[in-house]
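Proteins get letters first, then strands, A, B, ... in listed order; numbering begins at 1 in each. The basis for the numbers below is simple: all heavy atoms, side chains too, and nothing from hydrogens, waters or symmetry mates.
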There are 2 protein chains.
Amino acid sequence: MQETIQNILKKNLLSITGSRVKILELFLAQNGALAHGDIEKRTGEKFDRVTVYRTLQVFLNKGIIHSIPTADNSVLYALCKDDCAEGHHHDNHVHFVCDNCGNTVCMDEVTVPLIKLPNGYEMRQVEMVVSGRCKVCAAGKGV
Amino acid sequence: MQETIQNILKKNLLSITGSRVKILELFLAQNGALAHGDIEKRTGEKFDRVTVYRTLQVFLNKGIIHSIPTADNSVLYALCKDDCAEGHHHDNHVHFVCDNCGNTVCMDEVTVPLIKLPNGYEMRQVEMVVSGRCKVCAAGKGV
DNA sequence: AGGAAGATGCAACTTTGTTGCAAAATATTT
DNA sequence: AAATATTTTGCAACAAAGTTGCATCTTCCT
């Protein structure tokens, strides 16, 4: 994994620093989306708040991560797939937020369907967020 | 309109107060979504910041308005249709955010297409937000 | 009109996000 | 491997966004 991380950074012409490695580790371990707060909590002892902000900003610019809109005003970030290039994302997948456990995952296998807008509107980006109960919580029923 | 507003409040067992009436007026006049900031600006002289927060919170709880996630992580609020009940929304239409003028409109005529989730996931709500240029801005080209 | 319940405004506070700059770490050159 | 150039980091100070407790004022009901 350490190797993967270094590759990601090198591929994007970024120097290899502690905060970048640590934050990428978190994303790779998570397999889902992370709120800024989560990241800050899990790195707060090692890195300054400001560094976390700046690192995420850099990752966003480079297309390493993308942000996910949520209805409750929190900002989520998730790793991008390989075909995301700098300044040009292809996050054409649906995001799922679990009402129960609060986790957010990228449903890479579910693509956002095309829709037809009324005349005169120009579409640039489409975001689709589904909420409900995730596989784990739905299986655990009772909860 | 004044009558409509009173009805909305009565139907939801809310007392009729200055801030509630004023904020509902804004929504009815807007025919689209409003950011918290917009609302605060347009009522700031009459009402305290805190009152705006609390009023929106009450409206959300009662299902009078709903929040819309946007790609830039600002939160928008819009009036719900009649069939939204407390804690149970049916906002099955697409929202459009204009990159140019910043306005958000509800596209009542564009319904959110059905999608199929992976096995095990339970869908409750779907939000679809399109960004781009609205009719007005796209027509005004140059800008 | 009068009293109970609820809404508002104020002040103080927490949380979240930003900026400039000096110090430290990383990369590069020789 | 050392010296230099380039980035990155942490700090401090700040700005913006959102929350809470409490006293005061409104609204509602009889």
Position toward the 5' end of DNA chain D (nearest nucleotide), B/Q57 or A/K46: A/K46
Span of DNA chain D in contact with chain B (heavy atoms, under 4.0 Å): D/dA17 to D/dC28
Euclidean distance, atom NE2 of residue B/H36 to atom P of C/dT16 [Å, nearest integer]: 16 Å
Protein-nucleotide distance (A/F47, atom CZ; C/dA24, atom P), rounded to Å: 17 Å
Axis-to-axis angle between the two ends of the helix from C/dA1-D/dT30 to C/dT30-D/dA1 (five base pairs per end, rounded to 10 degrees): 40°
Sugar-phosphate, base or nothing in reach of A/K10, heavy atoms under 4.0 Å: nothing
Distance, nearest 0.5 Å, that separates CG of A/L56 from OG of A/S19: 9.0 Å
Contact nearer the 5' end of DNA chain D, comparing B/E40 with B/I16: B/E40
N/O donor-acceptor pair under 3.5 Å between A/H66 side chain and A/A78 backbone: yes
Residues A/R133, A/D99: salt bridge by 4.0 Å N-O rule: no
Side chain proximity check, A/D38 to A/Q30, heavy atoms < 4.5 angstrom: no
d(CG, A/L14; C1', C/dA25) in whole Å: 15 Å
No-H, no-angle donor-acceptor pair, B/R54 side chain to C/dG9 base, under 3.5 Å: yes
Side-chain N,O (B/S15) to OP1/OP2 (C/dA5) below 4.0 Å: no
A/K135 side chain vs B/G120 backbone, donor-acceptor pair below 3.5 Å: no
Under 4.5 Å side-chain linkage, directly or through intermediates, the cluster mates of A/L76: A/I68
Spacing between B/D48 atom CG and C/dA12 atom P, to the nearest angstrom: 14 Å
First of B/S19 and B/V50 reached from the 5' end of DNA chain C, by closest nucleotide: B/S19
Spatial distance of atom CG (B/L14) from atom CZ (B/R20) [nearest 0.5 Å]: 5.0 Å
Interatomic distance, B/L26 atom CG to B/K22 atom NZ [nearest 0.5 angstrom]: 5.0 Å
Protein-nucleotide distance (B/L56, atom CG; C/dT8, atom P), rounded to Å: 11 Å
Minimum side-chain heavy-atom gap A/I23-A/F47 below 4.5 Å: no
Any B/R20 side-chain nitrogen or oxygen under 4.0 Å from OP1 or OP2 of C/dA7: yes
